Amino acid sequence: MTAYFLLSLSILSATANNLLLHKFGNRGLDGLSGALLFNAAVSGVWIALLGAAAALTGGLAFDAASVQWGMLYGGVTAAFLLFKMQAMASGPVSLTSFIGCASLLISTGFGVFVLGEAASAAQAAGVALLMIALFLIISPKSDQATRTWKLWCAGFFVCSAAVGIIFKLHQRSDSAAKISEMMLAAALTSAVVFIAAAFAASGRRRLPALPAGAWPYILGSGLFGCVYNRLNIFLAGRLPSVVFYPTFNGAVILLSTLCGLLLFRERLRARQTIGMIAGIAALLLASGAFDSFFA
């Protein structure tokens, strides 16, 4: 399988995950405790998939560093999955997808200002353009942007950026080759965090039951989420950033928008449409895809 085939699979998996969470809409869940338990079950799917993959490929070789990276990633992933689920369930899938994808620029800024990576004038212009695009997209005048949705999206944005930073630091560490070990430790950590939080949120001695109708979404979200995250770690080290990042994020935005319009009959205001277009252009500029035109 070529890297570009895997990139296509990652894009389709990320889009499918977004659509599943939006379609499910937390139906039948027992409030926050139910949502937390839902995500614990999703983490369980990750554990099963990663464990099965390890058994088929010769097992895993854990060390202290890979476990520590996994626990850090797992804690952030727990928050990421909760914020993403709540944001997708309470707002338009296209705009929510864009906000999550736009967090890539925070990870990029970390690389530039903390790790000392180079940044061009075109990339700086992309950051400025993104700020304008986000203002247009989440304008308070939008009839699709509730206060609750904005809060969930803010958490989704921050956690998405944190995941990118963790991946960047992990790939610079001595545990860079142990991606599967790190992801499995992360899945175990997030499952424990979610179950503990679900107990605390329920206020009861037992966890609420998940409705039967939630299980297809748990299995689907677990599968697609695990696939695209695992592929993205691999692809980030195989494809140039000017190819991988704009292609993945831009394609997920466009596909999510198209599916939102066709499947959920979402409607975009004129300023939101302009913001979406400007945002995609901003991601391309920030990635360095147009640097050669300004050289």
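Keep in mind that what you see is a predicted model, and the values were worked out from it rather than measured. The chain is numbered in sequence order, starting from 1.
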Participant: Would you check if the distance from the ring center of F38 to the ring center of Y217 is below 6.0 Å?
Facilitator: no
Participant: For F156 and F83, I'd like to know if the aromatic rings sit close, meaning centre-to-centre distance below 6.0 Å.
Facilitator: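 No, too far apart.
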Participant: I'd like to know if Y228 and Y4 are part of one continuous hydrophobic network [Ile/Leu/Val/Met/Phe/Trp/Tyr, side-chain heavy atoms within less than 4.5 Å].
Facilitator: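 Yes, one cluster joins them.
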Participant: Can you tell me which residue pairs pass the side-chain hydrogen bond (donor to acceptor under 3.5 Å, both in side chains) test with a partner in residues 43-54, sequence neighbours excluded?
Facilitator: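 Pairs touching residues 43-54 that pass the test: S43-S190.
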Participant: Please examine the side chains of F224 and T15, heavy atoms only from C-beta on, and report whether any two atoms are closer than 4.5 Å.
Facilitator: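 T15 does not reach F224 side chain to side chain.
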Participant: For A61 and K178, work out which heavy atoms get closest and say how close.
Facilitator: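 What the structure gives for the nearest pair is O-NZ, 3.0 Å.
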Participant: What's the spacing between L20 CG and I218 CD1 if we round to 0.5 Å?
Facilitator: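 Rounded to the nearest 0.5 Å, the CG-CD1 separation comes out at 11.5 Å.
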Participant: Decide yes or no on side chain to side chain contact (heavy atoms under 4.5 Å, CB included) for F110 and L169, but give the supporting numbers first.
Facilitator: CA-CA 10 Å; F110 178 83; L169 292 175; 3.9 Å; yes
Participant: From L210 CG over to L29 CG, what is the distance, rounded to the nearest 0.5 angstrom?
Facilitator: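 Rounded to the nearest 0.5 Å, the CG-CG separation comes out at 6.5 Å.
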Participant: May I ask you to test the N17-L21 pair for a side-chain heavy-atom distance under 4.5 Å?
Facilitator: yes
Participant: Under 4.5 Å between any side-chain heavy atoms of H170 and I233, yes or no?
Facilitator: no
Participant: Roughly how far apart are C259 SG and K23 NZ, rounded to 0.5 Å?
Facilitator: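 Here the interatomic distance stands at 12.5 Å.
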Participant: Would Q171 and I179 count as a side chain to side chain contact (heavy atoms under 4.5 Å, CB included) here? Give the steps.
Facilitator: CA-CA 9 Å; Q171 289 301 296; I179 298 174; 4.0 Å; yes
Participant: Let me confirm one number: the OG1-CD distance from T148 to Q86, rounded to the nearest 0.5 Å.
Facilitator: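 If we round to the nearest 0.5 Å, T148:OG1 and Q86:CD are 10.0 Å apart.
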Participant: Can you tell me if S66 uses its side chain to pair, donor with acceptor, with the backbone of F62 under 3.5 Å?
Facilitator: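 No; judged by distance alone, with no hydrogens or angles, the pair does not exist.
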Participant: Please identify each residue that fulfils side chain to side chain donor-acceptor pair (under 3.5 Å) with D30, with sequence neighbours left out.
Facilitator: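 With sequence neighbours excluded, D30 shows a side chain to side chain donor-acceptor pair (under 3.5 Å) to R204, given in chain and number order.
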Participant: Out of curiosity, does F5 fall in the hydrophobic cluster containing L231 (side-chain heavy atoms, cut-off under 4.5 Å, transitive links)?
Facilitator: yes
Participant: Walk me through it: do T96 and C153 pass the test side chain to side chain contact (heavy atoms under 4.5 Å, CB included)?
Facilitator: CA-CA 7 Å; T96 305; C153 279; 4.2 Å; yes
Participant: If you define the side chain from C-beta out and look only at heavy atoms, does anything of S33 sit under 4.5 Å from L207?
Facilitator: no
Participant: Using the rule that two of Ile, Leu, Val, Met, Phe, Trp, Tyr join whenever any of their side-chain heavy atoms come within less than 4.5 Å, decide whether I277 and I99 are in one cluster.
Facilitator: no
Participant: Kindly work out whether a path of hydrophobic side-chain contacts (I/L/V/M/F/W/Y, heavy atoms less than 4.5 Å apart) joins F167 to I165.
Facilitator: yes
Participant: Closest heavy-atom contact between S173 and W69?
Facilitator: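 Here S173 and W69 meet closest at OG-NE1, 3.5 Å.
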Participant: State, yes or no, whether a side-chain contact exists between R230 and S180 at a heavy-atom distance under 4.5 Å.
Facilitator: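 R230 reaches S180 side chain to side chain.
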Participant: Mind checking side chain to side chain donor-acceptor pair (under 3.5 Å) for N18 and listing every partner two or more places apart, or none if nothing turns up?
Facilitator: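 N18: side chain to side chain donor-acceptor pair (under 3.5 Å) contacts with K84, S97.
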Participant: Could you measure the distance from the CG atom of L130 to the CD1 atom of I106? Nearest 0.5 Å is fine.
Facilitator: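 Reported value, rounded in 0.5 Å steps: 8.5 Å.
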Participant: Give me the atom names and distance for the closest heavy-atom approach of A87 to W149.
Facilitator: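 Heavy atoms of A87 and W149 come nearest at O-CD1, 3.3 Å.
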Participant: Are F199 and L36 linked, directly or through intermediate hydrophobic residues, by side-chain heavy-atom contacts shorter than 4.5 Å (ILVMFWY only)?
Facilitator: yes
Participant: Looking only at heavy atoms, what is the nearest atom pair of A214 and F24, with distance?
Facilitator: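 Shortest heavy-atom separation between A214 and F24 comes out as CB-CZ, 3.8 Å.
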Participant: With a 4.5 Å limit on heavy-atom distance, are the side chains of S103 and V158 in contact?
Facilitator: no
Participant: If I compare all heavy atoms of G222 with all of V42, which pair ends up nearest, and what's the gap?
Facilitator: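 Result for this residue pair: CA-CG1, 3.8 Å.
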Participant: Compare all side-chain heavy atoms of V67 with those of D63 and state whether any distance is below 4.5 angstrom.
Facilitator: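 No, side chains not in contact.
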Participant: Just by modelled atom types, is the M88 backbone N or O under 3.5 Å from a matching donor or acceptor in the H22 side chain?
Facilitator: yes
Participant: So L81 and T77, do their side chains get closer than 4.5 Å, heavy atoms only?
Facilitator: yes
Participant: Looking only at non-hydrogen atoms, find the nearest pair between A278 and L129 and report the distance.
Facilitator: O-CD2, 3.6 Å
Participant: Nearest 0.5 Å please: distance from the CG atom of L50 over to the CE atom of M182.
Facilitator: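 Here the rounded value is 10.5 Å.
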